[in-house]
Amino acid sequence: MFLVLSKPHSVDIAGEVIIAVLADTGELISCDSVANQTELVGLIQSKDLSDFRLVWDDTNRWYPKLLAEGIWIPRCVDLRLSDQILRHSEFTRDHYFALRGEDPWLKFDESEPSEGLFELEPSDSELDSAAEFAFQSKVIENSERSQQIKLLLAAESAGALVAAEMKFCGLPLRPDLHEQMLVQALGPRPRFGERPKTLAKLLSTIQTLLNVNDLNPDSPAELIKGLKANGLNVSSTRSWELKRLDHPVVAPLLEYKKLSRLMSANGWHWLDANVADGRFRPDYVVGGVVTGRWASRGGGGAMQLPKKVRGSVVADSGWQLVVADAAQLEPRILAALSGDSAMAKAGKSRDMYEGLVATGVVESRDRAKVAMLAAMYGATTGDSAKLMPLLARAFPKAISLVESAARTGERGGVVTTRLGRTSPAPDAERIFPEDGFSESTDSGARSPRTGSFARSWGRFTRNFVVQGTAAEFSLCWMALLRQKLHELAFDSRLENGPHLVFFMHDELVIHSPISVAPKVGELAVLAAIEAGKLLFPCTSVEFPLDVSIVDRYSDAS
DNA sequence: TCGTGTCGCGCC
DNA sequence: AAAGGGCGCGACACGA
């Protein structure tokens, strides 16, 4: 048994019913009774079931096959992703372990079933989805924060659908344009094992300037040695450190490193391996980062598609790319999370950093940005750290939220996002090392001295609440936009209407027929507003988008 | 020759 | 402009 159909119900946060987001217990339709794929297609596509939520063990195992059949799933519960959240969340983990018997996930096999869509004989690795769904529902019902958890699981599961759909549709990428860019930057494609012309030239310049014949700049150790032999004292070969040197070799060296990076990360090999039929199809890993952000696997790093490569990302003829970016998402999340009205007010400005300047806390946009990053990441040195007292005075609630998250982490505690994703517990022995860092005092309390591991863990928990809640916002945003796009192109197959093709933390790209592209942009804005209301029903913080409608990704502002 | 660890860099 | 958080990856370095 692997499929269960269950009615959706509404979630009620702060007295406001927003949208139907997660299945309640109720009528379950077992798909065991469905004999074959055709029958399932009929079942899912029939009008009555379009409002239902599909419950399955693992979206990755089933959805790609359904998509290939032209089937779109309105919503689902991904039991695997839900389990990961429930067993760690502060809101649910006590009930989870109290109610959980034998762990059914220990023997669960994530690999895609080989034979068709159905296997008449469930194997040992199959999960009893109905039983697991019942278990999870019970854990959720027992939670005092069931509304948040339900929303989180719905959003995470919707993310799984989006990820599968984005891989299925692929990001349009023109290999001819990409090669053209490579040739322009590096020279013609070299034979295997050889350096392209531009790199070879730069290499010999570098070797001449440093007076070393066989220096390989790709080796940090060799490079440091070569620089030191020329009286250039560096402790690393990071480009920002090299920039500080006053020597003719710096310019060609930095150029070499830049191009060498382009070649190895997004060169011809990357193109061959990751782009087929004019589409880049990375694997997204939903919940792949502890904070709840997505990660990517293989595919040459989908979550870091360099600016330079975006010139090759071009909409199909008759289509456009709608690029939507949540402006200053993390500072806005912090403002909403902490209920800091002064910071919310600064966020009334379309550009929140300019808004901070307008309040008079800092004198320039750059300073505002650096100060916010310092607050969210935990800067301890440099100019950015000096801005902290200014911020703390202007935005006491926001700053005390991140400071308290940091202190919790330093003490070895865990922190939790808005919807309930909880940070992992640190290794207690590293927080409280036995070699004298923090000996017990007479009262038995820990010494106030904090070791470097504890401080760095504090920076992690400080960032966790903001980054993790921002990730929740993005999941809700995508989930809502996905529904709106479906309504816009109700009858067509996913790939024939406007569809999501790329996601990067706070930015979404939709491949859209030209005729509806402006409408898609509006829907993206609307979805972001609704996502803000879902997470923070009572906040005055706004979540505006920068939307560009372009042919080429690199033309987006 | 393999796996593992570190560096450096790209993205947010 | 600063070097604070999160990732994945390729290349190199090193030990088995």
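The basis for the numbers below is simple: all heavy atoms, side chains too, and nothing from hydrogens, waters or symmetry mates. All chains are named by letter (A, B, ...) in the order of the sequence lines, taking the proteins before the strands, and each is independently numbered beginning at 1.
Note on A:K369: nothing from the nucleic acid sits closer than 4.0 angstrom, heavy atoms only. When heavy atoms are screened at a 4.0 angstrom cut-off, A:V290 is found touching the sugar-phosphate backbone but no base atom. Residue-level contact check: A:L305 touches the backbone only, with heavy atoms under 4.0 Å from sugar-phosphate atoms and none from bases. Within 4.0 Å of A:S456, counting heavy atoms only, lies no atom of the nucleic acid at all. A:R365 comes within contact range of no nucleotide atom at all, as no heavy-atom separation falls under 4.0 Å. At a threshold of 4.0 angstrom between heavy atoms, the contacts of A:S260 with the nucleic acid are absent. Looking at heavy-atom distances under 4.0 Å, A:R293 makes contact with a base.
A side-chain donor from one of A:S236 and A:R238 sits under 3.5 Å from a side-chain acceptor of the other. Of the N and O atoms on the side chains of A:T416 and A:T422, at least one donor lies less than 3.5 Å from an acceptor on the other residue. Neither side chain, A:T408 nor A:T461, offers a donor N or O lying under 3.5 Å from an acceptor on the other.
Salt bridge A:R350/A:D546: present, at least one basic N to carboxylate O contact under 4.0 Å. Under 4.0 Å is where a charged nitrogen must lie from a carboxylate oxygen, and between A:E90 and A:R145 no such pair does. In summary, A:R195 and A:D218 engage in a salt bridge, as defined by a charged side-chain N under 4.0 Å from a carboxylate O. Ion pairing of A:E530 with A:K533 is absent here, as no side-chain N (NZ or NE/NH1/NH2) approaches a carboxylate O to less than 4.0 Å.
Under the 30°/60° scheme for interplanar angles, the aromatic rings of A:F473 and A:W477 are found to be tilted.
A heavy atom lying under 4.0 Å from DNA chain C marks the following residues of residues 205-220 of chain A, by number: A:N216, A:D218, A:S219.
Taking atom CG of A:N274 as the reference point, atom P of C:dG8 lies 16 Å away to the nearest angstrom. Between the CZ atom of A:R459 and the C1' atom of C:dG5 there is a distance of 9 Å, given to the nearest Å. Taking atom CG of residue A:D366 and atom P of nucleotide C:dA2, one finds them 9 Å apart after rounding to whole Å. Distance A:L271 CG to C:dG10 P: 15 Å, rounded to the nearest Å. Per the geometry, CG belonging to A:D506 stands 14 Å off C1' belonging to C:dC7, to the nearest Å. C:dC9 atom P lies 9 Å from atom CZ of A:R297, rounded to whole Å. With rounding to whole Å, A:I333 atom CD1 is found 16 Å from C:dG6 atom C1'. Atom CD of A:E330 is separated from atom P of C:dG4 by 17 Å (rounded to the nearest Å).
Dense packing is recorded around CG of A:D176, with more than 12 heavy atoms of other residues, nucleotides or ligands lying under 6.0 Å away.
Here A:Y377 does not pack flat against the base of C:dG4, since the 5.5 angstrom centre distance and 30 degree tilt limits are not both met.
Projected onto DNA chain C by closest heavy-atom contact, A:Q467 and A:V370 fall at different nucleotides, the more 5' of which corresponds to A:V370.
Extent of DNA chain B lying under 4.0 Å from chain A heavy atoms, first and last nucleotide in 5' to 3' order, is B:dG8 to B:dC12.
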Report task. I would like to know whether A:E255 and A:K258 meet salt bridge (Lys or Arg N to Asp or Glu O under 4.0 Å); could you show each step before the answer? Result -> CA-CA 5 Å; A:E255 183 69 5; A:K258 203 178 82 191; 3.7 Å; yes

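Here C:dA3 is the nucleotide among C:dA11, C:dA3, C:dG8 with the atom lying nearest to any side-chain atom of A:W240.
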